[in-house]
Amino acid sequence: MPQLKYFAPNPDYRTMTNITRLGVAILAVRLLGAASPARVESAGEADPLTRLMAGDQRSMEIHYMHPHQTKYRRELMAKGQHPFAIVLSCSDSRVPPEVIFDRGLGDLFVIRVAGHIVDDAVVGSIEYAAEHLHVPLVMVLGHERCGAVEATVKGGEIPGHISSLTNAIKPAVEKTKGMPGDPLDNAVRANVEMVVEQLRTSKPILSELIHEGRLKVVGARYDLDTGVVELLTK
Ligand SMILES: [Zn+2]
C-alpha cells in the first residue's frame with residue numbers, strides 16, 4: 001500500500017475541511033494503489049537487501065516496473081556503473097536476477113554459473129565489485145529443483161566438465177544425507193549456505209570487507225513455482 005507521504009496535495013488542500021481532506025486522502029490512496037501497486041524505491045531510500053526484496057515482491061505479483069531500462073539510463077550508465085548489489089546465481093534460464101528482482105541497467109552486478117559454485121574467477125569477480133565498485137551486498141541465490149544440485153544428489157557417472165560443478169556441490173549433498181524432508185531441496189539449501197560461508201571466509205579481500213562492516217553476504221532460495229525469494233541466512 002503506498003504511503004500518504006508520497007501524495008503531494010495542491011495548494012487548495014489547506015482550505016478544505018477535515019472531512020474533505022480525509023476523502024481526498026482516501027481517494028489518493030485508492031487511485032495510487034490501483035495504478036501503482038508497487039513503487040520503485042530509490043537509492044538512499046532503502047538498504048540494498050530491502051531494494052532486492054521489494055523487486056522480488058513486484059516480480060512475484062507480476063507487477064513489473066522495469067526500472068532503469070531507458071535510453072537516458074543507458075547513456076548515464078555508459079559513464080560509469082554503481083550497482084547496489086552483487087548476485088551470485090545459477091545459470092538456469094528460469095532464474096535471471098534482473099527479472100526476479102525487477103531491475104535494470106547498472107543496478108545489479110551479476111555472476112552466474114550452474115549451481116552458483118565458487119571458484120577463483122567467481123571470487124575474483126565478487127572481489128572486484130565489492131572492493132572497486134564498493135557494492136555493499138552479496139546475495140547467493142539458489143533455486144528450487146536446481147539441475148546441478150540434482151545431478152550431484154543422483155551421483156553416478158558425470159560426463160565432461162560437468163563434474164567440476166558436481167564436485168563443488170558434493171559437500172552440501174553429503175551434509176544433508178539422511179535428513180528428513182526432500183533430499184534435493186535440503187541439498188539446494190545447504191549448497192546456498194555452504195557458498196555463503198565460502199565467501200564470508202574468503203581471504204584476503206571479502207572476509208576483510210565483512211570485518212570492516214563494508215560488505216554483507218546473504219543466502220536465499222528462489223521458488224520456481226511462486227516466485228518467492230526466501231532468505232536462508234542473515
Ligand atoms: Zn540451478
Side-chain angles (χ1 to χ4, degrees), residues 1-6 29 32-69 73 77 81-113 115-116 122 125-126 129-130 133-146 185 188-200 206 209-210 213-234:
M1 177 68 73
Q3 294 179 15
L4 273 178
K5 64 178 177 177
Y6 301 114
V29 167
L32 285 167
S36 175
R39 50 186 291 282
V40 177
E41 62 302 326
S42 59
E45 190 180 338
D47 74 353
L49 187 55
T50 304
R51 296 180 75 188
L52 282 180
M53 299 310 272
D56 176 54
Q57 183 74 23
R58 296 194 297 274
S59 147
M60 186 182 70
E61 295 170 350
I62 317 294
H63 285 145
Y64 292 102
M65 299 189 81
H66 305 291
H68 296 161
Q69 298 179 25
R73 179 68 173 180
M77 286 300 105
Q81 60 169 328
H82 306 284
F84 70 85
I86 302 163
V87 181
L88 170 58
S89 75
C90 184
S91 301
D92 190 302
S93 62
R94 301 165 293 180
V95 296
E98 291 88 346
V99 177
I100 288 175
F101 296 114
D102 189 28
R103 302 307 317 192
L105 298 173
D107 287 332
L108 304 178
F109 191 97
V110 175
I111 301 116
R112 298 186 66 181
V113 58
H116 54 78
V122 168
S125 301
I126 295 172
L133 301 178
H134 310 294
V135 185
L137 175 73
V138 181
M139 177 181 278
V140 177
L141 184 63
H143 67 97
E144 190 182 19
R145 298 192 287 276
C146 179
D185 207 52
V188 161
R189 290 166 185 271
N191 190 37
V192 169
E193 287 163 6
M194 179 179 74
V195 170
V196 166
E197 196 54 28
Q198 286 170 339
L199 295 180
R200 283 177 177 171
L206 298 184
L209 287 173
I210 291 167
R214 292 161 59 197
L215 183 71
K216 194 175 173 187
V217 181
V218 298
R221 169 192 176 274
Y222 177 72
D223 190 300
L224 291 176
D225 301 310
T226 64
V228 171
V229 171
E230 172 194 357
L231 283 178
L232 300 181
T233 68
K234 289 190 175 175

Checklist entry - Going through the distances and angles, do V217 and L206 end up as a side-chain contact (heavy atoms from CB on, under 4.5 Å)? => result CA-CA 9 Å; V217 181; L206 298 184; over 6 Å; no
Item to check | From CA spacing to verdict: side-chain contact (heavy atoms from CB on, under 4.5 Å), R200, T233 | outcome: CA-CA 12 Å; R200 283 177 177 171; T233 68; 3.8 Å; yes
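Under the side chain to side chain contact (heavy atoms under 4.5 Å, CB included) criterion, L105 pairs with R73, R74, M77, not counting sequence neighbours. Scanning for side chain to side chain contact (heavy atoms under 4.5 Å, CB included) contacts around S93 gives an empty result, with sequence neighbours left out. With sequence neighbours excluded, no residue forms a side-chain hydrogen bond (donor to acceptor under 3.5 Å, both in side chains) with D56. Every side chain to side chain contact (heavy atoms under 4.5 Å, CB included) that A220 has, sequence neighbours left out, goes to M139, L141, V229, L231. Residues passing the side chain to side chain contact (heavy atoms under 4.5 Å, CB included) test with P136 are P48, sequence neighbours excluded. Every residue two or more places apart in sequence or in another chain was checked for a side-chain hydrogen bond (donor to acceptor under 3.5 Å, both in side chains) with S125, and none qualifies. Looking at residues two or more places apart in sequence or on another chain, you find a ring-ring contact (aromatic ring centres under 6.0 Å, His included) between H66 and Y64. Every residue meeting the salt bridge (Lys or Arg N to Asp or Glu O under 4.0 Å) condition with R94, not counting sequence neighbours, appears here in chain and number order: D92. Listed by chain and number, the residues in a side-chain hydrogen bond (donor to acceptor under 3.5 Å, both in side chains) with E193 amount to none (sequence neighbours excluded). In terms of the side-chain hydrogen bond (donor to acceptor under 3.5 Å, both in side chains) criterion, residue partners of R189 (sequence neighbours excluded) are, by chain and number, D185, E230.
Of the inter-residue distances, the one linking R145 atom CZ with L224 atom CG reads 5.5 Å to the nearest 0.5 angstrom. The CG atom of D107 sits 11.0 Å away from atom CD of Q81, with the distance rounded to the nearest 0.5 Å. Residue F101 holds its CZ atom at 7.0 Å from CE of M53, rounded to the nearest 0.5 Å. The structure places CZ of R103 at 11.0 Å from CD of E98, a figure rounded to the nearest 0.5 Å. One finds the CG atom of L137 at 8.0 Å from the CG atom of D47 (value rounded to the nearest 0.5 Å). Atom CZ of R214 sits about 7.0 Å away from atom NE2 of H134, to the nearest 0.5 Å.
Counting only heavy atoms from C-beta outward, the side chains of R112 and P96 approach each other to under 4.5 Å. Two residues are said to be in side-chain contact when any heavy atoms from C-beta on lie closer than 4.5 Å; N191 and H116 meet this criterion. Residues V228 and Y222 are not in side-chain contact: their nearest non-hydrogen atoms beyond the backbone lie 4.5 Å or more apart.
The two residues V135 and L215 make their nearest non-hydrogen contact at O-CD1, 3.4 Å. Across all their heavy atoms, G115 and C146 have their closest contact at CA-SG, 4.2 Å.
No side-chain donor-acceptor contact under 3.5 Å links R221 to the backbone of H143. Remark: the backbone N or O of L52 is not paired with any side-chain donor or acceptor of Q57 at under 3.5 angstrom. Within the 3.5 Å criterion, the main-chain N or O of M65 finds a donor-acceptor partner in the side chain of D102.
Tested against P97, the residues V87, I111, L88 include a single side-chain contact (heavy atoms from CB on, under 4.5 Å) partner, V87.
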